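Heads up: the structure comes next, in structure tokens.
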Amino acid sequence: ADGQRLLATSQSDLVIHLWSVALDDRIATRVRTTRNAVVGLTFHGRAVVVAENGSLTRLDTVTGKELGRLQLPSGQPFLQSVSADGARGIVVIGKETFVYDLPRRRLTAEPRFTHVSPDGHWLAALQDATHAVVRPFDGGREHIITPGAEILGLFFSPRSDLLMIWMRDSIAAHEITSGRLRGRANACFAQISPDEQWLVVADCLGINGSPPALRLVSLTGTKPSVGFSSYTFSPGLPAHQDLSFTFSRDSRLLATAVEGERVCIWSVPDGKLLQRLPVRAAATSPAFDADGGRVAVIDEATIRVFDARHGSLLGIFASYGKQFCATHFIGDGDQLMAVTCLANTPHAIAPLPSWWRTDVPVWNTARERRPPEEIRRLADSVP
């Protein structure tokens with residue numbers, strides 16, 4: 001999440017690689033594992049959880065030191081969710097769901113579709129098709145949330161203050177401690193802002209025969225919903241697969257990327273269009289730097305960095321003509337990383353030929369700042 005560490009699994013030598021991307025930190029951790037291991041990197045990136053047939057281990061990503069281990073029932077494990085530090089989480093083995101607590105060395109059977117909050121303090125599960133149960137992780141009084149429709153999915157907010165409930169044509173936010181309804185929107189897709197004050201939501205496809213719309217919905221109840229755009233779907237893609245939202249870290253800016261349409265930057269909470277960038281959206285999200293002043297957008301084989309408020313092109317980055325599938329600013333934004341992607345990687349070939357390998361270039365954005373005339377020439381020369 002902080003862009004400081006990169007995790008990769010190797011198909012040929014069954015090793016989990018963890019690299020630091022900081023210039024002054026050359027640490028590289030390698031953890032040998034089995035072919036069917038499932039790896040989960042924690043939200044802050046400082047720990048990794050490895051679930052294998054018969055065991056679950058938590059490791060420090062800097063030192064590689066073991067931070068806890070549990071014995072699992074035999075069978076192929078699947079990590080459903082983990083807390084931000086990896087100490088607690090949900091692991092599914094076969095048709096059984098277990099909550100693990102590494103500090104207490106506990107493994108407890110739970111109902112299917114149980115989720116653990118990012119802070120590790122709460123558990124949420126479906127009681128039945130229309131009721132959700134929330135209770136403290138360490139035991140205590142539980143409460144029932146009844147959203148009034150069939151529940152399709154549950155999701156905790158990043159700060160663990162809200163439980164998001166997905167229904168067929170609406171999304172509701174309930175307070176964790178009380179179950180009180182904080183906000184509800186008739187929509188099929190949503191993203192919560194980092195400050196948990198706003199939901200950006202997308203209408204379901206084909207409502208009333210009108211183009212689906214994007215709206216900002218207040219979770220504090222102090223401001224009315226704001227509609228700010230309509231959008232279209234790419235043919236053949238499931239609803240919302242071709243749509244992504246990205247908030248700036250301070251929740252004041254929102255970037256929208258719709259497949260085939262230009263990337264737009266909006267102000268929050270008024271929904272005012274600030275910029276329509278001269279880049280067609282790829283199937284990946286844009287990335288804001290730490291203070292929201294710049295936004296990085298993938299344009300096939302280049303990463304283009306724009307001034308988020310004025311729309312001017314600040315830099316253009318490429319790596320051997322390979323297409324990118326992810327990008328992220330590191331730390332204070334003086335570095336930018338990306339990941340190249342290639343489809344249909346041949347899993348049966350080991351070692352992989354060089355043209356199928358993934359590259360992770362890291363650029364110094366402060367050093368690479370160029371005069372506007374030179375940037376324009378570079379943009380014109382790159383297909």
Side-chain angles (χ1 to χ4, degrees), residues 1-22 25-125 134-140 142 154-156 158-160 347 350 360:
D2 60 7
Q4 298 295 317
R5 292 175 180 83
L6 171 74
L7 177 145
T9 56
S10 171
Q11 295 173 327
S12 55
D13 55 5
L14 308 180
V15 173
I16 301 166
H17 300 272
L18 291 153
W19 291 281
S20 169
V21 297
D25 188 353
R26 301 297 181 183
I27 295 171
T29 301
R30 295 175 178 84
V31 181
R32 185 159 294 280
T33 182
T34 61
R35 183 173 297 277
N36 293 322
V38 179
V39 183
L41 187 65
T42 60
F43 180 76
H44 54 45
R46 292 190 292 270
V48 64
V49 180
V50 183
E52 305 176 82
N53 189 354
S55 70
L56 184 142
T57 310
R58 176 170 168 251
L59 302 165
D60 186 287
T61 57
V62 175
T63 65
K65 180 180 178 182
E66 185 176 305
L67 301 176
R69 178 183 290 267
L70 267 179
Q71 185 174 353
L72 297 178
S74 60
Q76 177 60 33
F78 171 75
L79 288 170
Q80 180 171 302
S81 60
V82 297
S83 61
D85 60 3
R88 293 169 164 179
I90 309 294
V91 60
V92 178
I93 303 174
K95 296 183 178 180
E96 294 187 276
T97 299
F98 299 91
V99 170
Y100 73 82
D101 185 342
L102 282 170
R104 292 179 173 84
R105 299 180 62 82
R106 293 178 183 170
L107 189 70
T108 308
E110 292 287 342
R112 293 186 66 190
F113 309 115
T114 298
H115 300 267
V116 65
S117 63
D119 63 5
H121 294 161
W122 298 92
L123 291 173
V134 180
R135 74 176 193 272
F137 190 99
D138 293 325
E142 63 182 29
L154 304 174
F155 181 78
F156 282 101
R159 294 184 179 182
S160 304
H347 294 273
V360 185

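The first residue of the sequence shown is numbered 1, and numbering continues consecutively from there. Owing to the predicted nature of the structure, the values given are computational and were not obtained by experimental measurement.
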> Got a sec, which residues hit side chain to side chain contact (heavy atoms under 4.5 Å, CB included) with Phe137, two or more places apart in sequence or on another chain?
Replying inline: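 With neighbours one apart ignored, the set is Arg88, Val99, Asp101, Val116, Leu123.
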> With sequence neighbours excluded, what pairs up with Pro136 under the side chain to side chain contact (heavy atoms under 4.5 Å, CB included) test?
Replying inline: Trp122
Can you see which heavy atom on [X] is nearest to which on [Y], and at what distance?
| X | Y | result |
| --- | --- | --- |
| Pro73 | Phe98 | CG-CZ, 4.0 Å |
| Asp85 | Ala47 | O-CB, 3.7 Å |
| Asn53 | Ser74 | OD1-CA, 3.5 Å |
| Ala124 | Phe156 | CB-CZ, 3.6 Å |

> Would Val92 and Arg112 satisfy side chain to side chain contact (heavy atoms under 4.5 Å, CB included), going step by step from the backbone distance to the final call?
Replying inline: CA-CA 8 Å; Val92 178; Arg112 293 186 66 190; over 6 Å; no
Atom [atom1] in [X], atom [atom2] in [Y]: separation rounded to 0.5 Å?
| X | Y | atom1 | atom2 | result |
| --- | --- | --- | --- | --- |
| Gln71 | Ser55 | CD | OG | 8.5 Å |
| Phe113 | Leu154 | CZ | CG | 10.0 Å |
| Leu102 | Leu70 | CG | CG | 5.0 Å |

> Is Leu72 close to Ile93 at the side-chain level, that is, under 4.5 Å between some pair of heavy atoms?
Replying inline: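 Side-chain contact under 4.5 Å: yes.
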>> Quick one, Tyr100 and Val82 - any side-chain contact, counting heavy atoms below 4.5 Å?
In response: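 Yes; the side chains approach each other to less than 4.5 Å.
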>> Applying side chain to side chain contact (heavy atoms under 4.5 Å, CB included) to Val39 and Val48, what does each step give before you reach the verdict?
In response: CA-CA 7 Å; Val39 183; Val48 64; 3.4 Å; yes
Only counting residues at least two apart or in another chain, list the ones meeting side-chain hydrogen bond (donor to acceptor under 3.5 Å, both in side chains) with [X].
| X | answer |
| --- | --- |
| Ser160 | Asp119 |
| Gln76 | none |
| Thr114 | none |
| Arg159 | none |

Taking salt bridge (Lys or Arg N to Asp or Glu O under 4.0 Å) as the test, write out the residues that go with [X], two or more places apart.
| X | answer |
| --- | --- |
| Arg58 | none |
| Glu110 | Arg135 |
| Glu66 | Arg69 |

>> If the test is side-chain contact (heavy atoms from CB on, under 4.5 Å), which one of Leu107, Leu79, Val50 qualifies with Leu56?
In response: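 Of all the options given, the one that passes is Leu79.
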